Protein chains: 2
Amino acid sequence: MVKPVTVRNLHGQVVHELGRLIVGGEIAPGQNLPREELLAERMNVSRTALREAMKVLSAKGLIESRQKTGTRVRDTVHWNQLDADVLAWRCASMPTEDFVEKLVEMREIIEPAAAAAAARRRSPEQLARVDTAYEAMAAAASLDDWTTADLAFHEAVLHATQNELMISLFSVIETALGTYFVLSARTAGDFKYSLPHHKKVLDAIRRRQPEVARQAMTRMVIDSRSNIRRRGKS
Amino acid sequence: MVKPVTVRNLHGQVVHELGRLIVGGEIAPGQNLPREELLAERMNVSRTALREAMKVLSAKGLIESRQKTGTRVRDTVHWNQLDADVLAWRCASMPTEDFVEKLVEMREIIEPAAAAAAARRRSPEQLARVDTAYEAMAAAASLDDWTTADLAFHEAVLHATQNELMISLFSVIETALGTYFVLSARTAGDFKYSLPHHKKVLDAIRRRQPEVARQAMTRMVIDSRSNIRRRGKS
DNA sequence: CGGCCTTATTTGTAATACATAATTACCTTA
DNA sequence: TAAGGTAATTATGTATTACAAATAAGGCCG
C-alpha cells in the first residue's frame, strides 16, 4: 500500500535525498550547502544531475542559489508547504502528533465546505458518481472494499464541487494523512458504522441542500476523528 | 504594485515562458513538446538551461519526460494547482469569471475556519499582532494605509492559527486574487466600513470564542464579496 | 580612513560526447 | 504466414569540460 516512490531518474533521487535532509532539519535554514562541485562528488553524481535537482528544490522554495554566495536553505516560511513532496518529507521525518493535528484540521475544514459546494453545483453525472460510490460502500463485504469505496465517495464529492483547487488540496492532504492513518476504520466487525452519515450527505447533495450537506459532513468528520487509529509502521 | 517577476536566471525565464504556454492552453495536454535539441535552439538557449527548466515544470506536474517517447504535457488533473506559479499563469491567461469564483470560494472557506482556530490557540504575542494590525486599520488615513493594515490583519489571524498549511494556502490564494481585485475596497470615502466586522473578529479571538470568531469572519467575507471590484488592467 | 579596483570564488551557461531506455521495424523460425 | 525475438533508431539521461558572470573580500590608492 505504501508506495516506495522509486524514482527512476538520478536527479529525482538527489531531489528526494536532499529534500529529506532539509525538511528533516538535518540541514537547517540559513545554512549553506557545500559547493556544487564538492556536493556532486560526495553524492557520486555529475554536477549536471545535481543542478537539475537543485532547480527542483528551488521551485519548492527549499533552497536559494546565488553566485559567489552559494546555495543556502531558505527559511521555512518560504517552503511550498502544500507541495506533495514537501508534505511527504515532513510526514517521513516529523512524526509528532501536532503535525497530524494540522493535517486533520485542514481535512475537517475542507470536507464540510466541499459537501456544501457539491450540493449547490453538482451535475447529474457527478451525483451519480457519488451515488455509485455510496452503493459500493453499502455493498462492501470486506474492510478493504469498504475503504476503497469510502475514498471513492469522498473523491466523488470533491469532484462535484467543480473546484479543482479544492480537489487538489484535498488530494494532497489526504495522501499525507494516509501515511499515518487508516481513515475512519473501526474494527472489522462494524466497519460500516458510518454508512448512515454518508447517506445523509448523499441525500443532501441529491436534494441540493448545501447547509444540510455541510452539517452532515461535519458530523461525519467529527465522529471519524475519534475513530482514526494509528497505522502500524509496516 | 504588480511585480513583473523579472527572473534573473535564464532557466527561470524558460520556465515561465513554457509554463505560460502550457497553462494558457497553447500547448494542450497530451501534446508532445519538440525535441530538447530543437526546442533549445528555437528558444536560443542551451540544452542544459532548457533541461533545468523542464525539471522544474515536471516538479509542478505540468510535463512528463520519458526516453524515446519525448516530453508531453500532462493532463490538468496532475498539475500542482496550488503552486504559486501555476496559479499565476492561470490568472494571466484565464480571465474568466468562474476561476475568480473558485479563488473566492477557497478564501471564504479558509478565513472563517482560520478565525475559529486562532481564537482557540492564539498566543498572547499572536493576539498582540492582530491587535496592532487592527489599531493600524483604525488609524489609517488613506486607502493605501488601510489596505496594507487590512492585509496585515488577515495575515496575523492566519499566523495565530499556528497551522502553516493554512497560512500557506491563504498566502497562495490571496496572491492570486490580488491579481484581479482590490480586496474589500469601497470608495475612498468610506473605506473603513468593515472596521466593526474586524473588531468583532478581534474581540472573539481575544476572548477565545471560536464560534463567535467564525461567525464574525463569515459575515465579513460575505459582506466583502459583494464589495470587491475589478481592478483596472494597468 | 574611506572609496575604488582587483581578484578570487561560486554559480550560471554552453557545448560535446556518450549512456540508456523504449519504440519500431525487421528478420528469423516454427 | 504468424509469432517471437532481436537489432536499429531516436529520444531523453548523464557526465565532462570550458568559460561567462556576478559578487564578496581584500588590497591599493587617494
Side-chain angles (χ1 to χ4, degrees), chain A residues 4-19 21-22 27-75 78-79 85, chain B residues 4-19 21-22 27-75 78-79 85:
Chain A
V5 192
T6 317
V7 186
R8 45 183 164 284
N9 297 335
L10 185 55
H11 82 265
Q13 294 177 27
V14 177
V15 165
H16 277 78
E17 202 162 333
L18 290 177
L21 286 175
I22 293 172
I27 311 178
Q31 192 174 343
N32 267 270
L33 270 65
R35 315 200 330 259
E36 290 180 349
E37 204 176 351
L38 270 177
L39 190 55
E41 187 185 16
R42 194 182 303 178
M43 301 183 81
N44 285 305
V45 297
S46 69
R47 210 187 133 202
T48 308
L50 174 66
R51 278 181 59 81
E52 289 181 355
M54 302 227 293
K55 293 305 157 239
V56 172
L57 294 174
S58 285
K60 296 181 188 302
L62 297 186
I63 61 177
E64 189 179 31
S65 296
R66 299 179 66 172
Q67 287 178 182
K68 175 69 182 175
T69 310
T71 303
R72 75 173 45 190
V73 177
R74 301 186 72 184
D75 191 82
H78 295 108
W79 295 1
D85 288 327
Chain B
V5 191
T6 317
V7 185
R8 46 183 164 283
N9 296 335
L10 185 55
H11 81 264
Q13 295 176 25
V14 177
V15 165
H16 277 79
E17 202 162 333
L18 290 177
L21 286 176
I22 293 172
I27 311 179
Q31 193 174 341
N32 268 271
L33 270 65
R35 315 202 327 262
E36 290 181 350
E37 204 176 352
L38 272 177
L39 190 54
E41 187 186 18
R42 194 182 302 178
M43 301 183 82
N44 285 305
V45 297
S46 69
R47 211 188 131 201
T48 307
L50 174 65
R51 278 181 57 83
E52 289 183 355
M54 302 227 292
K55 293 303 157 239
V56 172
L57 294 174
S58 285
K60 295 181 188 303
L62 297 186
I63 62 177
E64 189 180 31
S65 296
R66 299 179 65 171
Q67 287 179 183
K68 174 67 181 180
T69 310
T71 304
R72 74 174 47 190
V73 177
R74 300 185 74 183
D75 191 82
H78 294 110
W79 295 2
D85 288 326

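Here is how names work: the chains are called A, B, and so on, in the same order as the sequence lines, proteins then strands, and each is numbered from 1. All figures in this text were calculated on a predicted structure; none of them were measured in a lab.
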Engineer: Without decimals, in angstroms, what is the distance between R51(A) CZ and dA14(C) P?
Structural biologist: 11 Å
Engineer: Whole-Å distance between dG12(C) P and Q13(B) CD?
Structural biologist: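 My rounded result for the distance is 13 Å.
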Engineer: Separation of E52(B) atom CD from dA14(C) atom P, in whole Å?
Structural biologist: 10 Å
Engineer: Could you give the distance from CZ (R42(B)) to CZ (R35(B)), rounded to the nearest 0.5 Å?
Structural biologist: 10.5 Å
Engineer: Using heavy-atom distances to pick each residue's nearest nucleotide on DNA chain D, tell me which of P34(B) and V45(A) is more 5'.
Structural biologist: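 It is P34(B) whose nearest nucleotide is closer to the 5' end.
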Engineer: Tell me which one of E52(A), E41(A), E37(A), E36(A) satisfies side chain to side chain donor-acceptor pair (under 3.5 Å) with R47(A).
Structural biologist: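 Only match with R47(A) under side chain to side chain donor-acceptor pair (under 3.5 Å): E36(A).
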Engineer: Given side-chain contact (heavy atoms from CB on, under 4.5 Å), test N9(A) with V15(A) step by step and report yes or no.
Structural biologist: CA-CA 10 Å; N9(A) 297 335; V15(A) 165; over 6 Å; no
Engineer: Return the CG to CE distance between L50(B) and M43(B), rounded to the nearest 0.5 Å.
Structural biologist: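 So the gap between those two atoms works out to 7.0 Å.
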Engineer: Could you say whether S46(B) or L33(A) is positioned toward the 5' end of DNA chain C, judged by the nucleotide with the nearest heavy atom to each?
Structural biologist: L33(A)
Engineer: Before you tell me yes or no, could you show the steps for V45(A) and Q13(A) under side-chain contact (heavy atoms from CB on, under 4.5 Å), namely the whole-Å CA-CA distance, both residues' side-chain angles and the distance that decides it to 0.1 Å?
Structural biologist: CA-CA 10 Å; V45(A) 297; Q13(A) 294 177 27; over 6 Å; no
Engineer: Determine whether more than 12 heavy atoms belonging to other residues, nucleotides or ligands lie under 6.0 Å from atom CZ of R74(A).
Structural biologist: yes
Engineer: In whole angstroms, how far is the P atom of dA8(C) from the CZ atom of R35(A)?
Structural biologist: 15 Å
Engineer: Using whole Å, report how far CG of N44(B) lies from C1' of dA15(C).
Structural biologist: 15 Å
Engineer: Just to verify, which of L57(B), L39(B), L38(B) counts as forming a side-chain contact (heavy atoms from CB on, under 4.5 Å) with L33(B)?
Structural biologist: L39(B)
Engineer: Among residues 58-73 of chain A, which ones have heavy-atom contacts with DNA chain C below 4.0 Å?
Structural biologist: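 Here the set is S65(A), R66(A), Q67(A), K68(A), G70(A), T71(A).
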Engineer: Rounded to the nearest 0.5 Å, how far apart are CD1 of I27(B) and CG of L21(B)?
Structural biologist: 4.5 Å
Engineer: Please list, in 5' to 3' order, the outermost nucleotides of DNA chain D lying under 4.0 Å from any heavy atom of chain A.
Structural biologist: dG13(D) to dA24(D)
Engineer: Nearest 0.5 Å, what's the NE2-NE2 distance between H11(B) and H16(B)?
Structural biologist: 10.0 Å
Engineer: Starting at CG of L50(A) and ending at P of dG12(C), how long is that distance when rounded to a whole Å?
Structural biologist: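 Value for this atom pair: 11 Å.
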